[in-house]
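Everything on this sheet refers to the single structure shown next.
Naming convention: chains lettered A, B, ... in sequence-line order (proteins, then strands); numbering from 1 in each chain.
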Amino acid sequence: MTALNPNTGAPVSSTPNLPFATDVRFMSGKYVGVDGNQHQGTFAFF
Amino acid sequence: MDVFEPGHQFGDFDFQLQDNDPGISQSGLFWTMPIPPESANLDFGRGLAAFCLTDAQMPDMGNLLASIWGGGALDATGLPLPPIFPSSVSLDARWLGPGPRQKTVDATNRFVYDHTETSASIRWTSFRRGSLFASDNGPQQVLFAAIGRERNGEFLQSAGDEGE
């Protein structure tokens, strides 16, 4: 990751590269809701 | 998305700078949020998938412990956990380079999982309190990536489902 100036988008030169980790998943299909009924939906897990 | 100080990695929570996730709902569903259907696309036959979000509201929990216990709470040693701040994220995740198809049929736990392991990459931007972080073109290490189809529970009704 690189820190950027939010106004210009330019890298903040004093900030070194930062390591990051991520676990991203998406799911699309039918599921049973807490109401006990079937639904169709799309969800993401982070 | 977890960001760490230089020289640190996942697990070094005392050196974590940012933790974007949707939080834990009262039902116990954790780190999961509904997304627009058009944001996720899957071509299972070709082993490709893409997931793109723009400016999704997703709090910065500070670190994993605060994400689990809540911002401002105390950790196991009595030290305060970081506060939670509003944040927005954008991402573009891609799955590609499929391997062989693999199918798991588990009659005991009643699920069928048909999947292929892939490679993956992600571009990510997060904005919080006037700070903007963006992934760069540095190398990414993929520990595991896959696309698949799963049926379980009441969606696995027949013996034919389990044996197909």
Side-chain angles (χ1 to χ4, degrees), chain A, chain B residues 1-12 16-22 27 29-42 49-51 53 56 58 89 91 93 120 122 124-128 130-136 138 140-141 143-146 149-151 153-155:
Chain A
M1 299 292 261
T2 300
L4 305 178
N5 182 316
N7 296 315
T8 66
V12 178
S13 58
S14 59
T15 304
N17 281 350
L18 303 170
F20 71 94
T22 186
D23 180 352
V24 175
R25 316 174 193 194
F26 69 85
M27 300 146 277
S28 184
K30 295 178 182 176
Y31 66 97
V32 178
V34 293
D35 60 3
N37 297 320
Q38 287 190 16
H39 302 272
Q40 178 86 32
T42 305
F43 297 87
F45 173 94
F46 295 94
Chain B
M1 166 63 71
D2 304 328
V3 182
F4 298 90
E5 294 181 18
H8 294 275
Q9 59 185 352
F10 183 79
D12 297 338
Q16 188 170 347
L17 300 172
Q18 192 157 330
D19 184 319
N20 286 108
D21 68 60
S27 72
L29 182 65
F30 62 98
W31 305 335
T32 302
M33 60 186 284
I35 56 172
E38 64 273 15
S39 66
N41 292 285
L42 169 68
F51 173 32
L53 279 181
M58 194 181 306
V89 305
L91 68 95
I122 189 169
W124 180 286
T125 302
S126 66
F127 181 79
R128 179 207 64 173
S131 298
L132 178 63
F133 290 98
S135 58
D136 51 30
Q140 296 185 5
Q141 180 184 14
L143 299 181
F144 179 79
R149 291 175 171 152
E150 179 177 341
R151 278 178 293 144
E154 70 179 55
F155 299 102

- [ ] Examine whether an atom of S28(A) lies under 4.5 Å from a heavy atom of chain B, and if so say whether it belongs to the side chain, the backbone or both; otherwise answer neither.
- [x] neither

Open item on the list: Please classify the contact of L17(B) with chain A as side chain, backbone, both or neither, using a heavy-atom distance under 4.5 Å.
Closed with: side chain

Task: Between CG on residue D136(B) and CG on residue N17(A), distance to nearest 0.5 Å - done: 4.5 Å

Open item on the list: Restricting to salt bridge (Lys or Arg N to Asp or Glu O under 4.0 Å), what partner residues turn up for R149(B), sequence neighbours left out?
Closed with: none

TODO: Find out whether E5(B) and L18(A) are in side-chain contact, i.e. whether some heavy atom of one side chain is under 4.5 Å from a heavy atom of the other.
DONE: no

Open item on the list: Please find the pair of heavy atoms, one from P6(B) and one from P19(A), that lie closest to each other, and give the distance.
Closed with: CA-CD, 3.9 Å

Task: Engaged part of Q140(B) at the chain A interface, taking heavy atoms whose separation is under 4.5 Å - done: side chain

Task: For N41(B), all residues meeting side chain to side chain contact (heavy atoms under 4.5 Å, CB included), sequence neighbours excluded - done: none

TODO: Specify the closest pair of heavy atoms between V24(A) and W124(B), including all atoms of both residues, with the distance to one decimal.
DONE: CG2-CZ3, 4.3 Å

Task: Side chain / backbone / both / neither for L91(B) at chain A, heavy atoms under 4.5 Å - done: side chain

Task: Listed partners of A50(B) passing side chain to side chain contact (heavy atoms under 4.5 Å, CB included), at least two apart - done: R94(B)

Open item on the list: Is E154(B) in contact with chain A via its backbone, its side chain, both, or neither, using a 4.5 Å heavy-atom distance?
Closed with: side chain

Open item on the list: Please classify the contact of D23(A) with chain B as side chain, backbone, both or neither, using a heavy-atom distance under 4.5 Å.
Closed with: neither

Open item on the list: I'd like to check I35(B) versus F26(A) (side-chain heavy atoms, cut-off strictly below 4.5 Å). Are they in contact?
Closed with: yes

TODO: Counting only heavy atoms closer than 4.5 Å, note whether F30(B) contacts chain A via side chain, backbone, both or neither.
DONE: both

- [ ] Quick one: pull up CE in M27(A) and OG1 in T32(B) and give me the separation to the nearest 0.5 Å.
- [x] 5.0 Å

Task: Between CZ on residue F20(A) and CD1 on residue I122(B), distance to nearest 0.5 Å - done: 6.5 Å

Task: Side chain, backbone, both or neither of F127(B) within contact of chain A (heavy atoms, under 4.5 Å) - done: side chain

TODO: Look at S135(B), P36(B), S126(B) and state which one has the largest set of heavy-atom pairs under 4.5 Å with chain A.
DONE: S135(B)

Open item on the list: I need the contact set between residues 36-46 of chain A and chain B: heavy-atom distance under 4.5 Å, sorted by residue number.
Closed with: Q38(A), T42(A), F43(A), A44(A), F45(A), F46(A)

